[in-house]
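Everything on this sheet refers to the single structure shown next.
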Amino acid sequence: MPYLRLALDVPLARLFDYELADADASAVGKRAVVSFGRRALVGMVIEVADSPADAGVAIKPVEALLDDLPTLPADILDLLQFCADYYQHPLGQVVHTALPGRFREIAPYRVAPACAYQAVDAEALLDSLPKRASLQRRLAAMLAEPCSEAQLRAESGSAWRLVQAWLEQGQLRQVALSLALPQPVAGPALNPGQAAAVAAITQSAGFACHLLCGITGSGKTEVYLHAIAEVLQRGLQALVLVPEINLTPQLEGRFRQRFPGVEIISLHSGVADGERATGWVRAARGEAAIVLGTRLAVFTPLPRLGLVVVDEEHDASFKQQEGLRYSARDVAVYRARQAQVAIVLGSATPALESWYNAEAGRYKRLALPQRAVAGAQPPSWQLVPTRRQHLADGLHAHTLGAIENRLARGEQSLIFLNRRGYAPVMHCSECGWLAACTRCSARLTVHMRERRLRCHHCGWEERFPPACPGCGNSDMKPLGQGTQRLEELLAQRFPQARVLRIDRDSMRRKGSFEAALKTIHAGEVDILIGTQMLAKGHDFPALTLVAVIGADGGLYSADFRASERLYAQLAQVAGRAGRADKPGEVLIQTDFPEHPLYQALLADNYADFAATELAERKLAGFPPYLYQAVLRAEADTLAEAMQFLQGAVALAPLDEAVTVWDPVAASMMRLANRERAQVLVQSGSRARLGAFLAGWMQALRAERSAKVRWSLDVDPLEL
DNA sequence: AGCACGCCGACT
DNA sequence: GTCGGCGTGCTC
């Protein structure tokens with residue numbers, strides 16, 4: 001009797017055997033419905049064996065072998081096994097985080113073969129529509145040519161319902177999706193740098209990792225599009241990973257425009273479950289040519305994978321911060337190597353890990369030195385020294401003057417302050433009391449308009465205390481600068497200016513961010529105040545001034561990655577200034593104008609910054625010169641967490657190539673009333689660290705710890 | 001993780 | 001006398 005070895009979505013690092021008469025190797029990669037304990041689960045067949053792995057356990061029969069989906073191919077199974085081993089996560093849970101949620105449901109999931117839709121008579125259809133029904137008319141015009149489902153869905157949320165109705169009325173017919181490659185629309189001519197990059201990518205044979213370095217506006221996307229066009233010509237598929245921001249629709253639009261008629265699958269958190277599952281199936285069947293998505297898209301089966309692109313590869317959102325803590329960028333590199341195809345990692349400010357790999361010759365660096373738009377000037381940078389200067393609520397006279405200047409010229413300014421709220425903390429000047437969160441080890445942020453104190457870590461909120469809880473003093477003052485306070489100040493300073501604040505608080509309502517972008521584009525805003533949210537990707541043609549305040553915190557942080565993040569953030573926010581014909585100006589208020597980070601930024605010299613930073617990392621013994629993993633524990637009391645970790649350290653295998661540090665309280669020790677601590681382990685050898693972790697986790701999993709929740713983070717981004 | 005079993009406190 | 005608290009143990 002053959003046995004199916006199943007990966008089940010349970011936190012147990014082993015497979016489970018079930019018997020199925022007349023099963024053979026073709027069952028591998030299919031879903032199976034089984035009874036597990038007292039519940040029914042759907043698992044993935046990993047292996048077919050002649051005998052059970054454990055003799056002496058009663059083995060249940062498989063209830064049903066599902067044949068609805070494309071069989072998970074061997075390369076994806078290998079990829080998932082790699083993730084399970086590398087990140088020390090149970091294979092069953094890896095499988096189920098990698099697949100669309102729908103596939104965890106017991107019902108079969110059927111997807112009709114992809115086909116295109118075309119109007120039987122486009123003119124007649126158009127004539128039958130009301131003049132003002134602009135969406136309907138737009139769709140009808142598109143349908144003169146064959147359109148894919150994804151293409152139609154991308155047009156509007158309600159487009160698909162209209163198409164279905166027209167189909168029923170016999171206005172549309174289904175035509176076979178042409179696999180012959182449609183002609184891409186020609187893009188703008190490439191400059192020499194772009195052309196060289198495209199040539200390097202398309203001419204590399206087998207696996208090659210290209211680090212594409214270019215500032216905002218240097219035309220990285222054009223390079224991707226040309227490289228992808230070449231891959232499509234060869235009848236192959238492309239996988240494009242993008243960070244988790246609301247930029248995906250814009251990029252998707254650009255792809256659809258460039259490759260009309262090509263089935264492009266979009267996979268990100270905004271895509272509904274069913275659509276995600278359908279897209280996955282289409283990609284796995286080879287019907288879709290391009291998969292464009294956030295980190296989860298890295299696991300999509302692509303039988304004819306020809307190219308992988310990771311845009312903004314330094315972005316932290318490629319690392320999942322819970323469950324299977326994978327880095328989609330690193331998994332993508334593994335995948336490209338596995339498929340023996342080229343991968344492009346694009347960024348203006350590459351992760352130092354990637355930069356180091358390029359220095360070591362493992363990655364090929366491709367530089368895009370110039371701005372792609374002819375005549376466009378890079379922004380001019382200026383440091384505004386603030387040490388021993390009088391500041392009007394945090395703004396230097398020079399900064400205020402620059403804003404006034406733009407107002408006079410009818411141009412927009414952006415004040416970048418990565419700290420939302422009114423002020424970072426409420427302070428009693430009598431006794432020195434500071435408002436702190438009762439559930440976290442964090443300060444409460446002052447939100448003046450709502451007259452509330454809020455914890456930005458756990459979401460706790462409370463009303464302003466009427467008097468200081470420490471000494472009863474009623475004169476409490478907000479300390480420091482936040483976006484709300486800045487908004488208030490600027491509105492006072494420039495009463496004639498239209499001020500708009502963009503942060504997580506002001507953009508809480510759905511659609512408000514899109515609305516805000518519209519207002520900015522319409523020129524109905526003079527001064528923008530923004531956090532992180534505004535730093536990425538959006539183009540504001542009328543914006544000519546970016547003033548950065550409060551950046552110095554990133555210079556001397558306890559976190560060794562803080563300066564890398566600061567550089568990337570400043571480079572990114574500077575990219576918002578001065579597009580098209582108007583030159584932009586970037587002002588950075590700082591107490592440390594001589595700091596090498598700012599000097600490198602001013603010279604637009606990432607190479608210099610990276611070299612300095614890498615030298616420091618080497619000296620201090622930090623990644624990428626060492627590999628790290630963190631064992632995190634969380635319990636009701638710190639003592640319990642620490643005790644667990646001390647026990648864990650005692651269980652650690654001995655390996656002189658691996659350093660196990662003492663347990664310490666986490667930097668955010670208390671979060672939402674749970675105490676957190678961690679153990680750092682590191683090694684100069686990735687292989688030795690991997691073997692160590694495997695042994696350690698095995699020993700640790702044998703222990704039972706009811707009160708403590710723990711997890712392992714391999715290659716952690718934050719300690 | 002679920003989901004059971006099991007053994008002690010406050011309720012109709 | 002039962003309902004239900006969550007500690008402990010198991011899942012092919």
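Convention: sequence-line order gives letters A, B, ...; per-chain numbering from 1. Since this is a predicted model, take the numbers as computed values, not measurements.
In this structure, A:Lys60 atom NZ and C:dT11 atom C1' are separated by 8 Å, rounded to whole Å. Straight-line distance from the CD1 atom of A:Ile59 to the C1' atom of C:dC12: 6 Å, rounded to whole Å. Separating the CG atom of A:Asp54 from the P atom of C:dC10 is a distance of 14 Å, rounded to the nearest angstrom. Between the P atom of B:dC3 and the CG atom of A:Leu12 lies a distance of 14 Å, rounded to the nearest Å. One atom, CD of A:Glu63, and another, P of C:dT11, lie 17 Å apart when rounded to the nearest Å.
Taking the ring centroids of A:Phe299 and A:Tyr326, they lie under the 6.0 Å cut-off.
Salt bridge absent: A:Asp715 and A:Lys319 never bring a charged side-chain N and a carboxylate O closer than 4.0 Å. A salt bridge does not link A:Glu353 with A:Arg329: every distance from a Lys NZ or Arg NE/NH1/NH2 to an Asp or Glu carboxylate oxygen is 4.0 Å or more.
Applying a 4.0 Å cut-off to non-hydrogen atoms, none of the residues of residues 80-104 of chain A approaches DNA chain B. Within residues 34-53 of chain A, the residues having any heavy atom under 4.0 Å from DNA chain C are, by residue number, A:Ser35, A:Phe36, A:Gly37.
Note: A:Tyr86 and A:Phe82 have parallel aromatic rings, judged against thresholds of 30 and 60 degrees for the angle between ring planes. Classified by interplanar angle (parallel below 30°, tilted 30° to 60°, perpendicular above 60°), the ring pair A:Phe103/A:Trp280 is perpendicular. Taking the six-membered ring where tryptophan is involved, the planes of A:His456 and A:His447 are perpendicular, since the angle between them exceeds 60° and thus also 30°.
Side-chain contact check for A:Asp559 and A:Ser557: no donor-acceptor pair (N or O, by modelled atom type) lies under 3.5 Å. No side-chain donor-acceptor contact under 3.5 Å links A:Glu244 and A:Thr294.
Within the nucleic acid shown, A:Leu6 has no heavy atom closer than 4.0 Å to any nucleic acid atom. As judged by a 4.0 angstrom heavy-atom cut-off over every strand, A:Arg14 is placed among the base-contacting residues. Using a 4.0 Å heavy-atom distance criterion, A:Asp9 is classed as making no nucleic acid contact.
For A:Gln93, the side chain to side chain contact (heavy atoms under 4.5 Å, CB included) partners at least two apart in sequence or on another chain are A:Asp9, A:Pro11, A:His89, A:Pro90.
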